[in-house]
Amino acid sequence: MSATGIGAPVRRTEDFRFITGKGQYTDDINRAGQAHAYFLRSPHAHAEIVKIDASKAKAMDGVIAILTGDDLAADKIGGLICGWMIHNKDGSPMRAGGHPALAQGKVRYVGDHVAVIIAETYQQAKDAAEAIDVTYKTLSAVADIDSALKKGAPVVHDVAPDNTVFNWHLGDKAATDAAFAKAKQITKLDLINNRLVPNPMEPRAAVGDYDAGTGVFTLHTTSQNPHVARLVLSAFIGIAPEHKLRVIAPDVGGGFGSKIFIYAEETVCVWASKKVGRPVKWTSDRTEAFLSDAHGRDHVTHAEMALDDKGRILGLRVNTKANLGAYLSTFSSSVPTYLYAPLLSGQYNIPAIYCEVDAVYTNTAPVDAYRGAGRPEATFVIERLVEVAARERGEDPALFRRKNFVTQFPHQTPVIMAYDVGNYSASLDKAMDMADVKNFGKRKKDSERNGKLRGLGYSAYIEACGIAPSQAVGSLGAGVGLWESAEVRVNPVGTVEVLTGSHSHGQGHETTFAQLVSDRLGIPLDQVAIVHGDTDKVQFGMGTYGSRSGAVGMSAIAQALDKVIAKGKKVAAYALEAAEGDIDFKDGRFSVKGTDKSLAFGEVALQAYIAHKFSGQQLEPGLKETAFYDPTNFTFPAGVHICEVEIDPDTGVTRIDRWTAVDDFGVVINPMIVEGQVHGGIAQGVGQALLEGAHYNKDGQLVTASYMDYTMPRADDLPSFAVGMTSTPCPSNPLGIKGCGEAGAIAAPPAVINAITDALGHENISMPATPQRVWQAAQQSQRKLAAE
Amino acid sequence: MYAFNYQRPKTVRQAAGLLAKAGGDGKLLAGGQTLLPTMKQRLASPAMLIDLNQVDGMSGIELKGRNLHIGAMTKHADVANSHVVKTAIPGLAALAEGIGDPAVRNRGTIGGSIANNDPAADYPAACLGLGATIVTNKRKIPADEFFTGMFDTALEEGEIVTKVIFPVPQKAAYEKFPNPASRYAMVGVFVGKKGSDVRVAVTGAGANGVFRLPEFEAALKTRFNAKSLDGLSVPADGLNGDIHASPEYRAHLIGVMAKRAVSKALGK
C-alpha cells in the first residue's frame, strides 16, 4: 500500500476549500442580470384553487412576472415524473396522479406550489407573494395512512379513488403459508417506521439561465445526479432537448437522497428564465425545506415470523402500508417495493418469504428515498423480529441469529437477491468482543444499583448496494439503466483529469477517486483532478445514491484506467523500441522486460501527444479513455452493530452508553472516510430511533416544520463510536468494493430499539423513542414487575 | 423581514422617549434572540426598533451587601462566567450556562429574557425562585408580581427593565429538562432557600408561564431535603401539552426536577 493508494487514510483534499469558505455552492452562483424567484405555497393540505388574483402583486415594485400552472400548461411543459413503474398484484400499472410543477386546479399538501413570483430582489418577490389573492375551496385532508384508507376518505388523485397507488407483492405466498402451517412458534410484531425529514445542511437551490443567442439553457442546481436531471427535464418535462440543456451541480452540501429527485423549483427556474429573459435564482429557506423536500420512510407494518421447534426460521410474512405523500416523487415507487422487500431475508436462511405492500396517497409532502431507502425499513422489520423471536424462546439473541445465519455463498434468497459473499459470524464475533458483551451483566447490575435500566441490542444488517445491474432493474420497472461512466484524460505532462458520472455531495470522492488513480498509475494525488457534476464536461452519469459511487463509479474509472495503461504500453513500445508484449507497467513506470530501459508515466503521456515515434502507424495520438461500467450484481455490505443504552426510568431519558459497529464493506479505499460515513450513518439512524419524527396534524399541517420541534441528532446525543471492520471482497466488481454510505443509517434503528426493549423488558415502544414514550413504557415495566 | 426604522439611543431616558414616540409600533432590541428570528420569519413587524446595546450603564454585575445586581443588558455568557455570580449564587451562574447555545449566550440578555417572558425561558424561574426585584426606569417590581402570563409581564407601555436584583440565598439550584428539539425548558425547576423562606418556581410547564409550588415550598420549609417531596405531586390540569410532552408527563417531571434541584442545592 502506498501512502496515497488504496487503503490509505488520506486526508480529504476537498476539505480545504470547504472549511475555508471557498466552496462554490449553487447559492454562490450569481449570473449577470439575475432575478429572484419566490414560490407562493399552499397553506392548505387539500383545496381547489378557485381563482388566483395577482393583479395587485404584478404592479408592485420590482416584480417581473408572476407565473402559475396555467402558464406551464400554455407552454406545454409536462409534469414531474416518477421513473419507476410498479405493477399491482393483478398486473395492472400503478396509478400515478398528475404532478404539475405549479398547481393546476388543486393543491394537495401544505407547501404545494401555487405560483412563482419573479422579481428584482428576493424580498420584493416575497412581498408580492403576500399580495396575491388566492381563493381556495378547502377540502378535507387525509394526513396519514389510516385516514387515507378509510372508506369514503377524501380523494387525493382522481386516478386513485381509494387513495391506493398500488398494491404490490413479492415472494411465494403459498410456500409461506405452508411454512406458517407447520410452525411451532409464530412471532408477531406491529411496527411503525417513522417519517423523517432529510435536513441536508445546504438547502435546495437552483439558478436557471437561458441564452437567447445559442438557445441553450443552463441550470445550476443542488443535484446528486445532474445527468438524470437533464434527462428528465428534457425527455419528459420538455424544457429543451438535451444538447440545449446544461445541468451543473457544483459543490453540494449533503443530500441523503433528497437531492436525487427532480423538483418543481428547478423546473420552474429553468423554464422561467426563457420566459422572463433573465436568469432566475431560487434558494430554499429552512421552512421550505421542511415542507417540500421529499421526506423519508413512513411505513406501517405487520410482520410475522414462523419458526420450528429448534428455533430455525421457516418463513416470514410481511404486510406494509407505505405513505408516498401527495405526489409520486422521482423514485418514490421503488423505495417501499424493490429497495425494501428483497432485503427482508436479512442475514438469515429463510426458506419462504411473502411481502405485500400497499402504497398510499396522503395530503403530505412527497416521500422518496432517504439514506438507506427501503433497506432501513426492511432491516427494522427483520432485526426486530429475530430479536423478539429469540426473547420469546428464551434464547440468547446472538446465538439465535448465529443459528439462522446464511453461511454458504452464493445464497439465493426467496426474494430476488443472490448474496455473493459474506462472513456474518466473523462480524458478530468481532462486534461482541469489541462491545465486551461478556461483561454486560455486570454493567447492568451497576446501573440497577444507580436506579437505571440497562439494555443491549443487536442489529445484524445487510443491504443491497452498488445499485445496480441495468438489466435487473429494468426488468423490475426502472426507467433507466444504473451503470456508471468515466473518462480518464491524461494531459501531455502526465497529470490526470478523471471525469466521473458519480457526484460528490460530502462523500469525499475527490480524495478516494484520486487514490484509485494514484494507486493504478503510480502518480501523486496532486497530479489528479476529479471532475464531476457538469453535463457539459462529463459524458454521462447516473449519479450518487444507494452507496453506488465506489462499487459502480470507481469500477468505471478502473476500467478506463486499464485502457489508459494498455494504450500507454503501446506508446511505450514505440518509444522504447520494443515489442508491446515486452512492456511492463509498475509503480508509475513503463519498462522493457529484462532490461533497464524504462519511461515514467508522464514521459509516455508526452510521447502519446507528440506522436513522433508512431506517426503514420496504427496507433492514434493522445491518451484519453472512456468506460461505461454496468455491474453484474448488487453488492451486499453487511455487519453487526451493538448498542448499549442506559435509561433513567424517572425521566425516560435514554443515554447511549456504547456503540460498536463492525462492518464488512469488502475492499476499503480510504478507511478514515469510510469511518466518517459510518459515523454519519449511525447518527442519522440514532436520530430516527430516538429523536426525529415528522408529524402532521389531522388537518395536514406539518407540526414539526422547524428545529424548534423537529429533533436533529447532536453530538451530545451520541457516544464515541467503536468502529471495526471485517472484509470479504466483493467478487462482482473489479475493485472488490461493497459500499458504505448507508450502512449506519440501516443498522442503527433496530439496534437502539432492541437495546431499549431489552432494558424495559417489553416490546411496546415506537420510534422515535422520546423521553416521554420511554417514560410511559418504563411505567408499564414497573407495573408489570409489580404484578409478577 | 420587513423594512423598519432603527434607533440606537445612548441613555435609558432617550430610549424611553423613542419608545413613547413610536407609540405601539416600537420595539426594544436587547439581545434579539427571540425578536430577530421572529422578524425574519415575518411574524413580527415593528415599525421602529430601538437598540439598547449602546445605552450606558445597563450591563454589569455587582454584589451590593446581600444583593446581587445584574444590569438588564448583561449577556447570559457574562452571568455564567462571572466570578461574583459563581460565588454568590452558583445556581444562577449554572442556569445562565445552560441557556441556548454559545451564540445565544453571547447575545441574549437577562433583561430581554424576562421582559419577553417566554413560558419556556430559564431566567423567569430564577427570578421567582430567588424572590428577585425587577427594576425599571419607573419603579421596582417584585418578581411575584412581574410575570403575569405567557409572554406577558407587569411592564407598562414605555417601561424599560434596567436591572434585576437577586437576594443572595443560602442554597439555590436549577434543574432543567430540555425539550429534545429546541432545548428550551420543557420543565425547569428553580429552588431557593433564604433563611426560613423556601421558594420553588417552575418554568416550561405552565400554560400561563412561570409559577410557584406552595405545597412543595411548605414541605421544604419543614425540612430542606429531596425526601420531603416524597408523595407530593402536581396536578396535570393547566400544564402545557404538545408532541414532546403531555401535561401528565410534565407534571411528573416537575416532581423529579424539583427533587433533583433540592439535592443539587444541597451539593448532593
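Values below: all heavy atoms of this structure, side chains included; hydrogens, waters and symmetry mates excluded. Chain identifiers are assigned alphabetically (A, B, ...) following the order of the sequence lines, protein sequences preceding nucleic acid strands; residue numbering begins at 1 within each chain.
Side-chain atoms of A:Gln772 come within 3.5 Å of backbone N or O of B:Ser246 as a donor-acceptor pair. Remark: the backbone N or O of B:Ile99 is paired with a side-chain donor or acceptor of B:Arg105 at under 3.5 angstrom. Remark: the backbone N or O of B:Tyr184 is not paired with any side-chain donor or acceptor of B:Asn179 at under 3.5 angstrom. Between the side chain of B:Asn106 and the backbone N or O of B:Pro102 there is at least one donor-acceptor pair closer than 3.5 Å. Side chain of A:Glu288 to backbone of A:Asp285: a donor-acceptor contact under 3.5 angstrom is found. Using modelled atom types, no side-chain atom of A:His695 and backbone atom of A:Tyr710 make a donor-acceptor pair closer than 3.5 Å. When atom types are taken as modelled, the side chain of A:Asn697 and the backbone of A:Asp699 share a donor-acceptor pair closer than 3.5 angstrom. Judged purely by atom type and a 3.5 angstrom limit, B:Ser228 has no side-chain atom pairing as donor or acceptor with the backbone of B:Phe224. Of the possible polar contacts, one joining the A:Arg41 side chain to the A:Gly111 backbone as a donor-acceptor pair under 3.5 Å is found. Side-chain atoms of B:Thr203 never come within 3.5 Å of backbone atoms of B:Gly209 as a donor-acceptor pair (strictly under, hydrogens ignored).
To the nearest 0.5 Å, the span separating CZ on B:Phe146 from CG on B:Asp152 amounts to 10.0 Å. Between A:Ile765 atom CD1 and A:Arg773 atom CZ the span is 7.5 Å, to the nearest 0.5 Å.
Taking the six-membered ring wherever Trp is involved, the centroid distance between the rings of B:Tyr174 and B:Tyr123 does not fall below 6.0 Å.
Heavy-atom neighbours of A:Asp716 CG from other residues, nucleotides or ligands within 6.0 Å: above the threshold of 12.
Only the side chain of A:Thr704 comes within less than 4.5 Å of a heavy atom in chain B; its backbone stays farther off. Of the two parts of A:Met712, neither the backbone nor the side chain holds a non-hydrogen atom closer than 4.5 Å to a non-hydrogen atom of chain B. In this structure, chain B has no heavy atom under 4.5 Å from any part of A:Thr770. Looking at B:Tyr249, both its backbone and its side chain come within 4.5 Å of chain A, counting heavy atoms on both sides. Proximity to chain B (any heavy atom under 4.5 Å) is shown, for A:Pro768, by neither the backbone nor the side chain. Heavy atoms closer than 4.5 Å to chain B are found nowhere in A:Glu692, neither backbone nor side chain.
Ion pair B:Arg223/B:Asp230 not flagged as a salt bridge, since none of the NZ, NE, NH1 or NH2 atoms sits closer than 4.0 Å to an Asp/Glu carboxylate oxygen. Taking 4.0 Å as the cut-off between side-chain N and carboxylate O, A:Asp446 and A:Arg449 count as a salt-bridged pair. Salt-bridge annotation for A:Lys56 and A:Asp133: absent, with no side-chain N of the basic residue lying under 4.0 Å from a carboxylate O of the acidic one.
The aromatic rings of A:Tyr696 and A:His295 sit tilted relative to each other, their planes meeting at an angle between 30° and 60°.
Of all residues spanning residues 32-49 of chain B, those with a heavy atom less than 4.5 Å away from chain A's heavy atoms are B:Lys40, B:Arg42, arranged by number. Taking 4.5 Å as the heavy-atom cut-off, the residues of residues 257-268 of chain B that approach chain A are B:Met257, B:Arg260, ordered by number. The stretch residues 233-244 of chain B places B:Ile243, B:His244 near chain A, each with some heavy atom under 4.5 Å from a heavy atom of that chain. Interface with chain A: from residues 212-222 of chain B, no residue qualifies, criterion being any non-hydrogen pair under 4.5 Å.
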Begin from the C-alpha positions of A:Val367 and A:Thr362 and carry the test side-chain contact (heavy atoms from CB on, under 4.5 Å) through to its verdict. CA-CA 10 Å; A:Val367 179; A:Thr362 59; over 6 Å; no

